[in-house]
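For the single chain, residues carry numbers from 1 onward in sequence order. Below, all heavy atoms of this structure are taken into account, side chains as well, without hydrogens, waters or symmetry copies.
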Amino acid sequence: MNGAQLIDEDGKCWEGRLGRGGLAYRDILDYGVVAVIGCQSSGKSTLLNRVFGTDFPVLDVNKAGRRRTTTGVWGAVARNQGNPVVLLDVEGSDSRERGEGMHSFEARTALFSMALADVIVVNMWLHDVGRHQAANYDLFEVVFSQRKQAGIGQLGAEKKRIVVAVRDFDAEVADLEEVESILTKDLVRIWNETNGMESPSLSDVFSLEFRSFPHPKYDMDGFNEAVQSFRQDVGPWCTKKVSLNRFEDYSVSVWNSIGRNIHADGWTLDLPEHVEMILRVACDGARSLALRSVEEEFLDLRYSLEVAWREPMADFVERFSVLRRKALNVYEAEVGKYRGRCNSFDIKRNELDAALLERAKSDRVLLFNTAADKSLRALETQMGGIVQGSADFDRRVKRLRDQQLSEFHITVTMCALEGDDVEEMAARMSDALSARMDDLVRERKQVDEIVLGPDAVIRVPWYRNRNFWKDILIRAAILGFNYWQATRQLNALRAGNLRRDRQQPTGPSFWASQLSKLPAG
C-alpha cells in the first residue's frame, strides 16, 4: 500500500490523504495504530515496508548519502492478520536539515505519535544504545512528562506498547539481555525524573518490549525471521473510541491542538477532549443522516394528511412510529458503537428524537384541523332540522355541540405523542373548536331571524326528523301560508273596488265635455 504525506515539514496537515494509503475507509473500531520514531536514516520506513507491505519512500545511501527522506508524518492503512492497521512514519530526529527548530518539531511529533498509537516503535542503532540524543532519550522525556495531559496512564486505560527496535544487531558483538537492561534502567530513570516517585511506575503505564533486527545485508535470513516474528506479535488491538473512517479528522485535531497549546516547558494535550469532539462530529453527522433517511416518509405522511380533508387520518400515530423507529435505527447503525463511550451519543440521539417529534407535531396540526372541520360540518348538518324560535332550540343545539366536542376530544387524545400533556392539549383544542361552534350557532340564529322575523315562535313536534329538507319544507310552508294570506287580502280588496265601480259609475270629466263640442276636422 502506498503511503501518503499527512503532515508536511512545515507542520501543515493534508487532509483526505489517508485513504490513498491502501484500504478504503471503514466504519469500524477494531483497528491498530503503529507509529515509528527514531533517528534520521535509521531504517524506519524500511522496517514498516517489510513488516506491513507498504511502500513508504526509503533512502538509497549509495546514491544520495545519508540525508532526510521522510519529512513530517506519512501515513498508510494496511492489513495485519486480517485487521486494518494505521501506520505513521514519522520524520527522523537529529536531522541537520531541520536546523534549530529540530527539537521542537521532534517533541511535537513524538507526543503526536504517543497520543494516537497503540504501538510506538522506537528505532535505534545498536551502537547508539546508552547515548542520550542518539537513543532518543530527549523524546522520551517529552512524552513521559506530558503523558497525563495526553490521557496516558489513566485509571482503566490500556497500556501503551513501546517496542525498542535495535537495528543492525550482531549477537557476536552484544547481548540482547544486556542491551535490554541498559535501556530499561535509563527509561526508568527518565520516568522517575519527569513524573516523580509518587506517580505510577513505568511498567504500570507502558509495556516495554525489545526486539533485535540483524543487518539485512549481512544476515538476510535473520532479518526476515525477526520481521516475521514482529508481524505476528504486533497485535492484538484494543477497541478504539474513534472509528477508522474518523481517524484522520481525529489525528488532525490532535496535531493542531499540540501546536496551539505551547508552553515554556513543552506542549499540553487534552486527548479525551479531542476524542469527545470527534465523536460529537460523528454523532451529529449520523443525526443528519437519520433525518434525511426519513424525509420521503415525512413528505408522504404530510401529503396523506392534506388529501384526507373530510376524515382525519386514523393511523397517524402508527405511521409516525414506524418512521421514527427507522430514523433511530439508522442513527444506531452509524454510531451505535459509541454508546457509553462519549456523552455526544445520547445528546445527539435525544436531539434526533426531539426533531422527529417536532416535525410530527407540526404536521399533526393538519389532522386536528380536519377533525375540527368534520365536527363543524356535522353540527351544521344536524342543526338543519331545528328552527330558530322553536321551544327546545337551545337545548337541542347544546346536546349536539357536546356530542361533537366529545368525539373531537377522543380524536385529539388518540393522536397524542411523547411529551404531550394530553389533558391540557385536548382542553385547549376543544376550547378553540367550541368558540368556532359558537360562531356557527350565532350565524344560524341570525339567518333564521331574517327569514322568520325576530319574534317568530315555531313549535315543531318532537317526532319530526331533524334534517335539512324537513327544515326547508317547514320554511316553505310558513312562507306559503304568508303568501296565501297576503294574496287573499289583495283579492278581497280588488273585488270590493269592482263592486263600488259598478254601483257608483264615474261621470264624464270637464275636458271630455269641452272636446266633444269642437267641430270635426
Visitor: Mind checking salt bridge (charged side-chain N to carboxylate O under 4.0 Å, His left out) for Arg231 and listing every partner two or more places apart, or none if nothing turns up?
Guide: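 Arg231 satisfies salt bridge (charged side-chain N to carboxylate O under 4.0 Å, His left out) with no other residue.
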Visitor: So, the side chain of Asp363 versus the backbone of Arg302: is there a donor-acceptor pair under 3.5 Å, distance only?
Guide: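 Answer holds: no.
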Visitor: So how far is it from Leu367 CG to Thr411 OG1, rounded to the nearest 0.5 Å?
Guide: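 One finds 7.5 Å between CG of Leu367 and OG1 of Thr411.
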Visitor: Can you name the residues that form a ring pair (Phe, Tyr, Trp, His ring centres under 6.0 Å) with Tyr303, not counting sequence neighbours?
Guide: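 Counting only residues at least two positions away or on another chain, Tyr303 forms no ring pair (Phe, Tyr, Trp, His ring centres under 6.0 Å).
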Visitor: Name all residues meeting the side-chain hydrogen bond (donor to acceptor under 3.5 Å, both in side chains) criterion together with Asp233; count only those two or more places apart in sequence or in a different chain, and write none if there are none.
Guide: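 If we apply the side-chain hydrogen bond (donor to acceptor under 3.5 Å, both in side chains) test to Asp233, skipping adjacent residues, the hits are Arg211.
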Visitor: Flag yes if more than 12 heavy atoms outside Met414 fall under 6.0 Å of its CE atom; otherwise flag no.
Guide: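 No - once you tally the heavy atoms of other residues, nucleotides and ligands closer than 6.0 Å, there are 12 at most.
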Visitor: Working to the nearest 0.5 angstrom, can you tell me the gap between Trp255 CH2 and Leu116 CG?
Guide: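 Atom-to-atom, Trp255:CH2 and Leu116:CG are 10.5 Å apart.
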Visitor: Over all heavy atoms of both residues, which pair between Trp125 and Asp168 is shortest? Give the atoms and the distance, please.
Guide: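 Result for this residue pair: CZ3-OD2, 2.7 Å.
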Visitor: Please state whether the rings of Tyr331 and Phe345 are parallel, tilted or perpendicular, taking 30° and 60° as the class boundaries.
Guide: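 Tilted.
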Visitor: The criterion is side-chain contact (heavy atoms from CB on, under 4.5 Å); which residues satisfy it with Ser201, sequence neighbours excluded?
Guide: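 In terms of side-chain contact (heavy atoms from CB on, under 4.5 Å), with neighbours along the sequence ignored, Ser201 is linked to Ser203, Asp204.
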Visitor: Would you call Asp420 and Arg364 a salt bridge, using N to O less than 4.0 angstrom?
Guide: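 Yes.
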Visitor: Is there side-chain contact between Val85 and Val77, with at least one heavy-atom pair below 4.5 Å?
Guide: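 No. Closest side-chain heavy atoms not under 4.5 Å.
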Visitor: By side-chain hydrogen bond (donor to acceptor under 3.5 Å, both in side chains), which residues pair with Glu423, not counting sequence neighbours?
Guide: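 Per chain and number, Glu423 pairs via side-chain hydrogen bond (donor to acceptor under 3.5 Å, both in side chains) with no residue.
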Visitor: Do you know the tightest heavy-atom contact between Gly419 and Lys361?
Guide: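 In this case the closest contact between Gly419 and Lys361 is C-NZ, 4.1 Å.
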Visitor: To the nearest 0.5 angstrom, please state how far the OG atom of Ser344 sits from the CG atom of Asp284.
Guide: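 Result: 9.0 Å between the selected atoms.
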Visitor: Ignoring hydrogens and geometry, is there a side-chain-to-backbone donor-acceptor pair from Ser229 to Glu225 under 3.5 Å?
Guide: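 Judged by distance alone, no pair lies under 3.5 Å.
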Visitor: Val179 and Ala174: which non-hydrogen atoms are nearest, and at how many Å?
Guide: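 So the two residues come closest at CG2-CB, 4.3 Å.
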Visitor: Are Asn83 and Tyr31 side-chain neighbours, meaning at least one heavy-atom pair lies under 4.5 Å?
Guide: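 Asn83 vs Tyr31: side chains apart.
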Visitor: Would you please name every residue forming a side-chain contact (heavy atoms from CB on, under 4.5 Å) with Glu351, sequence neighbours left out?
Guide: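 In terms of side-chain contact (heavy atoms from CB on, under 4.5 Å), with neighbours along the sequence ignored, Glu351 is linked to Arg287, Ile347, Lys348.
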Visitor: Taking the side chain from Asp8 and the backbone from Lys12, do they hold a donor-acceptor pair closer than 3.5 Å?
Guide: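 Flag set: sc Asp8 to bb Lys12 pair under 3.5 Å.
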Visitor: Mind running side-chain contact (heavy atoms from CB on, under 4.5 Å) on Trp74 and Val90 for me, showing each step along the way?
Guide: CA-CA 6 Å; Trp74 286 60; Val90 182; over 6 Å; no
Visitor: Check whether Lys160 reaches the backbone of Ser207 with its side chain - one donor and one acceptor, N or O, closer than 3.5 Å.
Guide: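 A pair under 3.5 Å: no.
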Visitor: Determine whether a donor-acceptor pair (N or O, by modelled atom type, separation under 3.5 Å) exists between the side chain of Asp118 and the backbone of Val33.
Guide: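 Answer holds: yes.
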Visitor: Are Pro214 and Asp170 side-chain neighbours, meaning at least one heavy-atom pair lies under 4.5 Å?
Guide: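 The answer is no, as the side chains (C-beta and beyond) never meet within the 4.5 Å cut-off.
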Visitor: Test of understanding: with side-chain hydrogen bond (donor to acceptor under 3.5 Å, both in side chains), list the residues that count as partners of Ser288, not counting sequence neighbours.
Guide: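 side-chain hydrogen bond (donor to acceptor under 3.5 Å, both in side chains) check on Ser288 returns nothing, list empty.
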Visitor: So how far is it from Phe210 CZ to Ser181 OG, rounded to the nearest 0.5 Å?
Guide: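 Result: 9.0 Å between the selected atoms.
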Visitor: What pairs of donor and acceptor atoms, side-chain ones from residues 311-321 against any protein atom, are under 3.5 angstrom apart with sequence neighbours left out?
Guide:
residue, atom, partner, partner atom, Å
Glu311, OE1, Lys374, NZ, 3.4
Glu311, OE2, Lys374, NZ, 2.7
Arg319, NH1, Ser304, OG, 3.2
Ser321, OG, Val317, O, 2.8

Visitor: Would you check if Leu88 and Val36 make a side-chain contact, meaning some heavy-atom pair closer than 4.5 Å?
Guide: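 Side chain of Leu88 against side chain of Val36, heavy atoms only: no contact under 4.5 Å found.
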Visitor: Between Arg359 and Glu295, does any side-chain N to carboxylate O distance fall below 4.0 Å?
Guide: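 Looking at Glu295 together with Arg359, the answer is yes, because their closest N to O distance falls below 4.0 Å.
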Visitor: Please name all residues satisfying side-chain hydrogen bond (donor to acceptor under 3.5 Å, both in side chains) with Arg292, sequence neighbours left out, ordered by chain then number.
Guide: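 Partners of Arg292 by the side-chain hydrogen bond (donor to acceptor under 3.5 Å, both in side chains) criterion come out as none, since no residue qualifies.
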Visitor: Report the residue from Val163, Asp89, Asn80, Val121 that forms a side chain to side chain contact (heavy atoms under 4.5 Å, CB included) with Val34.
Guide: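 Only match with Val34 under side chain to side chain contact (heavy atoms under 4.5 Å, CB included): Val121.
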Visitor: Tell me, with the steps shown, if Arg50 and Phe213 meet side-chain contact (heavy atoms from CB on, under 4.5 Å).
Guide: CA-CA 12 Å; Arg50 295 299 296 272; Phe213 293 86; over 6 Å; no
Visitor: Looking at Arg349, is its backbone amide N or carbonyl O close enough to the side chain of Asp353 to form a donor-acceptor pair, meaning the two atoms are under 3.5 Å apart?
Guide: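 No: the side chain of Asp353 does not pair with the backbone of Arg349.
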Visitor: Go through the structure and list residues passing salt bridge (charged side-chain N to carboxylate O under 4.0 Å, His left out) with Asp219, not counting sequence neighbours.
Guide: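 Testing Asp219 for salt bridge (charged side-chain N to carboxylate O under 4.0 Å, His left out), a comparison that skips the adjacent residues, returns none.
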Visitor: Run the side-chain contact (heavy atoms from CB on, under 4.5 Å) check on Ile120 and Met114 step by step: do they pass?
Guide: CA-CA 7 Å; Ile120 301 94; Met114 191 65 68; 3.5 Å; yes
Visitor: Ignoring hydrogens and angles, tell me if any N or O in the side chain of Asp373 forms a donor-acceptor pair with the backbone of Thr370 under 3.5 Å.
Guide: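 Here the side-chain-to-backbone pair does not exist.
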Visitor: Side chains of Phe223 and Tyr218, heavy atoms from C-beta outward: is any pair under 4.5 Å?
Guide: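 The answer is no, as the side chains (C-beta and beyond) never meet within the 4.5 Å cut-off.
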Visitor: Let me confirm one number: the CZ-CD1 distance from Phe112 to Ile37, rounded to the nearest 0.5 Å.
Guide: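 Reported value, rounded in 0.5 Å steps: 12.5 Å.
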Visitor: What closest approach, in Å, do Phe408 and Leu433 show between heavy atoms, and which atom pair accounts for it?
Guide: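 Minimum heavy-atom contact is CG-CD2, 3.5 Å.
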Visitor: Taking all non-hydrogen atoms of both residues, which atom of Asn49 and which atom of Asp55 are closest, and how far apart?
Guide: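 Between these two residues, the closest heavy atoms are OD1-N, 3.4 Å.
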Visitor: Within the structure provided, determine whether Glu91 and Thr109 are in side-chain contact (heavy-atom separation under 4.5 Å).
Guide: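 No; the side chains remain at least 4.5 Å from each other.
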Visitor: Count the heavy atoms belonging to other residues, nucleotides or ligands that lie under 6.0 Å from CD of Glu358, then report whether that count exceeds 12.
Guide: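 Atom CD in Glu358 is not crowded, with 12 or fewer foreign heavy atoms closer than 6.0 Å.
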Visitor: If you round to the nearest 0.5 Å, how far is CG of Leu47 from CZ of Phe56?
Guide: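 These two atoms lie 11.5 Å from each other.
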Visitor: Could you tell me if the side chain of Glu334 sits less than 4.5 Å from the side chain of Leu289, heavy atoms only?
Guide: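 The answer is yes; the side chains approach within 4.5 Å.
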Visitor: Could you pull out all residues at least two apart from Asp175 that satisfy side-chain contact (heavy atoms from CB on, under 4.5 Å)?
Guide: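 With sequence neighbours excluded, Asp175 shows a side-chain contact (heavy atoms from CB on, under 4.5 Å) to Glu177, Glu178, given in chain and number order.
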Visitor: Using the test salt bridge (charged side-chain N to carboxylate O under 4.0 Å, His left out), find all partners of Arg428 that sit at least two apart in sequence or belong to another chain.
Guide: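 In terms of salt bridge (charged side-chain N to carboxylate O under 4.0 Å, His left out), with neighbours along the sequence ignored, Arg428 is linked to Glu424.
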Visitor: Are Leu301 and Glu297 side-chain neighbours, meaning at least one heavy-atom pair lies under 4.5 Å?
Guide: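 Answer no - side chains too far apart.
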Visitor: What's the verdict on side-chain contact (heavy atoms from CB on, under 4.5 Å) for Val51 and Val234, showing C-alpha distance, side-chain angles and the deciding distance?
Guide: CA-CA 10 Å; Val51 174; Val234 69; 5.8 Å; no
Visitor: Where do Leu352 and Ala327 come nearest, in terms of heavy atoms and distance?
Guide: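 So the minimum-distance heavy-atom pair works out to CD2-O, 3.9 Å.
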